[in-house]
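Structure record follows, encoded as structure tokens.
For this chain, numbers begin at 1 and follow the sequence in order. Atoms considered below: every heavy atom in the structure, side chains included; atoms not considered: hydrogens, waters and symmetry mates.
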Amino acid sequence: MAAGIMMLGACKDKKSADENILTTDFVPPKPQAPIAMPATEEHADIKWGGRPYRVQIRREPVDSLPMVTNDYGQKYVDNRVSVYIGTPDGTPFFSRSFSKASFRSHLDKDYWRNGLLTGIYFLGSDGATVDFTVSISHPEMSDGDDVPLVLSVDHQGGVNVKLDEELFDVVTP
């Protein structure tokens with residue numbers, strides 16, 4: 001009889017595997033007002049072809065651009081980025097604004113629909129071009145989740161955009 005009571009006690013103390021699993025119902029976050037990145041402005045004084053130039057890059061969220069919406073209905077404001085290259089005395093050489101649409105031919109369906117133009121950043125200048133990297137990424141994603149593009153401006157003010165093959169090889173499996 002004592003053995004039977006001990007077995008009953010042992011059985012009561014055992015928990016089934018299902019009792020150790022906590023379950024909760026996932027409640028997606030409620031969308032807030034559209035989220036926008038802050039406006040930024042950067043400057044760089046450079047030498048290009050032996051002459052001094054000043055580069056200015058300004059990013060600003062623009063409500064009139066198409067917004068990106070995530071799976072939970074949260075909206076994100078896309079950006080416009082202005083790139084200016086001028087002489088130190090203020091004479092403009094190149095001035096142009098870019099939106100995600102400027103890079104449409106380099107984007108797949110996912111980045112066209114779900115990506116934001118998060119920035120254009122100065123890379124460097126060589127004898128032929130001034131080069132910038134373009135970042136188009138999903139909102140709230142970590143570094144490395146973007147389409148790596150290089151934007152180059154030549155001495156005639158011409159613009160060339162291409163996929164950065166080195167970075168593309170790094171970020172794709």
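Closest of all the heavy-atom pairs between Pro52 and Pro88 is O-CD, 3.4 Å. Nearest heavy-atom pair, Ala36 versus Pro61, reported as atom, atom and distance to 0.1 Å: CB-CB, 3.8 Å. Annotation for Ser102 and Ser97: closest pair OG-O, 4.5 Å, computed over non-hydrogen atoms.
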Test log, rule side-chain contact (heavy atoms from CB on, under 4.5 Å), inputs Val130 and Ile46: CA-CA 9 Å; Val130 176; Ile46 66 169; 4.0 Å; yes
Working for ring pair (Phe, Tyr, Trp, His ring centres under 6.0 Å), residues Phe103 and Phe98: CA-CA 8 Å; Phe103 308 102; Phe98 298 91; 5.7 Å; yes
Under the ring pair (Phe, Tyr, Trp, His ring centres under 6.0 Å) criterion, do His106 and Tyr111 qualify, and how do the steps go? CA-CA 9 Å; His106 300 281; Tyr111 280 92; over 10 Å; no
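Gln74 places no side-chain N or O within donor-acceptor distance of the main-chain N or O of Thr69, the cut-off being under 3.5 Å. When atom types are taken as modelled, the side chain of Asn79 and the backbone of Met37 share no donor-acceptor pair closer than 3.5 angstrom. Using modelled atom types, one side-chain atom of His155 and one backbone atom of Gly127 make a donor-acceptor pair closer than 3.5 Å. Side-chain atoms of Lys100 do not come within 3.5 Å of backbone N or O of Ile136 as any donor-acceptor pair. A donor-acceptor pair under 3.5 Å links the side-chain atoms of Arg59 to the main chain of Thr118, judged by distance alone. Side-chain N or O atoms of Asp131 include none that pairs as donor or acceptor with a backbone N or O of Leu123 at under 3.5 Å. No side-chain donor-acceptor contact under 3.5 Å links Trp112 to the backbone of Arg104.
Ile35 belongs to a hydrophobic cluster whose remaining members, ordered by chain and number, are Val68, Tyr76, Leu116; membership requires side-chain heavy atoms of ILVMFWY residues under 4.5 Å apart, directly or through intermediates. The hydrophobic cluster containing Leu65 also includes Val62, under a criterion of side-chain heavy atoms closer than 4.5 Å among ILVMFWY residues, counted directly or through chains of members.
Rounding to the nearest 0.5 Å places OG of Ser95 at 9.5 Å from CD1 of Ile85. Here NZ of Lys109 is found 11.0 Å from CG of Asn114. Values are rounded to the nearest 0.5 Å. Atom-to-atom distance recorded for Leu149:CG and Asp164:CG is 8.5 Å, nearest 0.5 angstrom. One finds the CD atom of Gln56 at 5.0 Å from the NE2 atom of His43 (value rounded to the nearest 0.5 Å).
Within 6.0 Å of CG in Asp108 there are more than 12 heavy atoms belonging to other residues, nucleotides or ligands.
Taking 4.0 Å as the cut-off between side-chain N and carboxylate O, Glu41 and Arg58 count as a salt-bridged pair.
Side-chain atoms of Ser152 and Asn160 include no donor-acceptor pair closer than 3.5 Å. Using a 3.5 Å distance cut-off with no hydrogens or angles, the side chains of His138 and Asp146 do not pair a donor with an acceptor.
Exactly one residue among Thr40, Val134, Ile120 makes a side-chain contact (heavy atoms from CB on, under 4.5 Å) with Val81. That residue is Ile120.
Leu117 and Met67 are members of different hydrophobic clusters when ILVMFWY side chains are connected at heavy-atom separations under 4.5 Å. Under the 4.5 Å side-chain heavy-atom criterion for ILVMFWY residues, no single connected hydrophobic cluster contains both Tyr84 and Phe122. Follow the hydrophobic side-chain contacts under 4.5 Å out from Leu163 and you never reach Val150; the two are in separate clusters. Hydrophobic cluster membership is shared by Trp48 and Val159, with clusters built from Ile, Leu, Val, Met, Phe, Trp and Tyr side chains linked at under 4.5 angstrom.
Counting heavy atoms from C-beta outward, Tyr72 and Pro31 have side chains that stay 4.5 Å or more apart. Looking only at side-chain heavy atoms (C-beta outward), Phe93 and Thr87 stay at 4.5 Å or farther from each other.
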